[in-house]
Amino acid sequence: MECVVQGIIETEHVEALEILLQGLCGVNKEPLKIHELCLKSSPNLGFVSSEVRLVCDLEQPEPTWTIRHVGGAMRGSGADQLSVLVRTMVESKASKNVLRLFYTLGYKLDHEQVRVGFSFNFFRGAQITVTVSCVNKVPKLHMVDDALAVTPGIQLVEVTAPATSDNYNEVVQAVSSFCEYLAPLLHLSKPGVSTGVVPTAAAAAASLMSDGRKAA
């Protein structure tokens with residue numbers, strides 16, 4: 001299982017967010033450059049259509065592929081009360097021939113994108129990953145270098161943490177508690193819930209940048 005929240009931040013405030021995350025996490029950021037292909041199958045012979053994502057880490061010396069299948073979100077009144085989305089998720093390493101395999105299985109490419117930015121990986125009540133990235137759409141098949149920003153001036157922030165059916169409540173609490181520290185810069189909510197940019201972001205960013213310069 002996976003616990004996840006998302007939000008957006010204006011690119012001009014990303015440096016301030018990085019300073020805040022550096023102080024909170026106590027670890028160095030890691031560069032992020034992810035090539036992602038979303039594949040969908042068509043309903044056939046009674047089978048339900050499905051979606052998988054093929055993810056390639058372009059920061060590795062030898063690009064490695066991962067198959068990522070995101071399942072349904074936890075449902076029920078208890079899940080509705082949670083500020084964090086809890087969903088099933090399966091990942092598996094794959095060879096560079098994985099795309100050809102899925103084409104053979106009847107999947108078709110729905111869209112292709114490149115995410116460029118950075119991430120922080122740390123433990124704070126749970127193993128949490130924060131990614132900050134510009135999402136770029138690939139205009140022509142596999143032309144990664146020609147990717148264009150989907151929303152210029154806006155970057156996606158995602159906070160995720162792995163969980164199990166036994167400990168997801170504790171993980172949700174850990175993620176929620178951590179997200180409170182980011183509230184002056186951005187609001188994080190369940191994927192699909194649009195909250196826009198935070199009105200206090202500019203003032204909070206200015207304060208963080210000033211403190212960062214003093215520390216330097």
Side-chain angles (χ1 to χ4, degrees), residues 1-8 11 14 29-75 84-121 127-152 154-165 168 171 190-194:
M1 302 175 75
E2 177 183 61
C3 298
V4 57
V5 287
Q6 293 178 339
I8 58 173
T11 300
V14 166
K29 70 175 182 179
E30 299 176 16
L32 180 81
K33 188 173 184 181
I34 300 293
H35 180 201
E36 187 174 284
L37 299 97
C38 178
L39 304 174
K40 291 186 177 182
S41 68
S42 300
N44 186 29
L45 299 177
F47 290 102
V48 178
S49 61
S50 65
E51 175 183 304
V52 296
R53 293 177 181 268
L54 305 183
V55 180
C56 183
D57 185 354
L58 299 179
E59 283 293 337
Q60 298 298 321
E62 282 291 328
T64 56
W65 286 93
T66 300
I67 305 170
R68 179 177 171 88
H69 174 71
V70 176
M74 182 181 292
R75 298 183 181 276
V84 175
L85 182 73
V86 182
R87 63 191 182 189
T88 58
M89 188 273 293
V90 178
E91 284 189 345
S92 178
K93 295 297 182 182
S95 73
K96 61 182 180 181
N97 298 317
V98 63
L99 181 59
R100 187 183 308 166
L101 169 64
F102 275 94
Y103 281 161
T104 303
L105 293 173
Y107 283 78
K108 294 184 178 180
L109 181 64
D110 184 72
H111 65 271
E112 188 176 8
Q113 64 184 28
V114 179
R115 292 170 54 201
V116 181
F118 58 87
S119 67
F120 283 89
N121 299 280
Q127 192 61 46
I128 298 175
T129 298
V130 181
T131 61
V132 183
S133 61
C134 176
V135 181
N136 302 280
K137 184 177 181 180
V138 179
K140 295 183 180 180
L141 190 64
H142 308 332
M143 299 294 287
V144 175
D145 293 336
D146 295 333
L148 301 171
V150 175
T151 52
I154 296 291
Q155 297 205 23
L156 174 69
V157 181
E158 188 173 66
V159 181
T160 61
T164 67
S165 57
Y168 73 85
V171 176
K190 296 178 180 180
V193 179
S194 178

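In what follows, every heavy atom counts, from backbone to side chain, and hydrogens, waters and symmetry copies are set aside.
- Partners of Y168 under the side-chain hydrogen bond (donor to acceptor under 3.5 Å, both in side chains) rule, at least two apart in sequence or in another chain, do not exist in this structure.
- For the atom pair S95 OG and I67 CD1, the distance stands at 8.5 Å (nearest 0.5 Å).
- At least one donor-acceptor pair under 3.5 Å links the side chain of N136 to the backbone N or O of V114.
- To the nearest 0.5 Å, the span separating NZ on K96 from OG1 on T64 amounts to 13.0 Å.
- Between the side chain of N121 and the backbone N or O of S119, no donor-acceptor pair lies under 3.5 Å.
- Using a 4.5 Å cut-off on side-chain heavy atoms (C-beta onward), W65 and L99 make no contact.
- In this structure, the separation between OG1 on T131 and CZ on F120 is 11.5 Å, given to the nearest 0.5 Å.
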**OP:** Assess whether side-chain contact (heavy atoms from CB on, under 4.5 Å) is satisfied between Y103 and L39, documenting all intermediate values.
**Re:** CA-CA 9 Å; Y103 281 161; L39 304 174; 4.3 Å; yes
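- Contact annotation: the side chain of L109 approaches that of L141 to within less than 4.5 Å [non-hydrogen atoms, C-beta and beyond].
- By the 4.5 Å heavy-atom criterion applied to side chains, R115 and E158 are counted as neighbours.
- Between C56 and L58 there is a side-chain heavy-atom pair separated by less than 4.5 Å.
- Listed by chain and number, the residues in a side-chain hydrogen bond (donor to acceptor under 3.5 Å, both in side chains) with E112 are H35, H142 (sequence neighbours excluded).
- The CD atom of E2 lies 4.5 Å from the CZ atom of R68; values are rounded to the nearest 0.5 Å.
- Residues T151 and V135 fail the side-chain proximity criterion, which asks for heavy atoms closer than 4.5 Å.
- Shown here for L156 and G7, the closest heavy-atom pair between the two residues is CD1-O, 3.5 Å.
- Among the candidates D57, T66, V116, the single residue satisfying the side-chain contact (heavy atoms from CB on, under 4.5 Å) test with I34 is D57.
- Considering only heavy atoms from C-beta on, C134 stays 4.5 Å or farther from T11 through its side chain.
- Looking at heavy atoms from C-beta onward, V52 lies in side-chain contact with H69 at the 4.5 angstrom threshold.
- Sorted by first and then second residue, the salt bridge (Lys or Arg N to Asp or Glu O under 4.0 Å) pairs involving residues 30-40 (not counting sequence neighbours) are E36-R53, K40-E51.
- Proximity of V5 to L85: side-chain heavy atoms (C-beta onward) are nowhere separated by under 4.5 Å.
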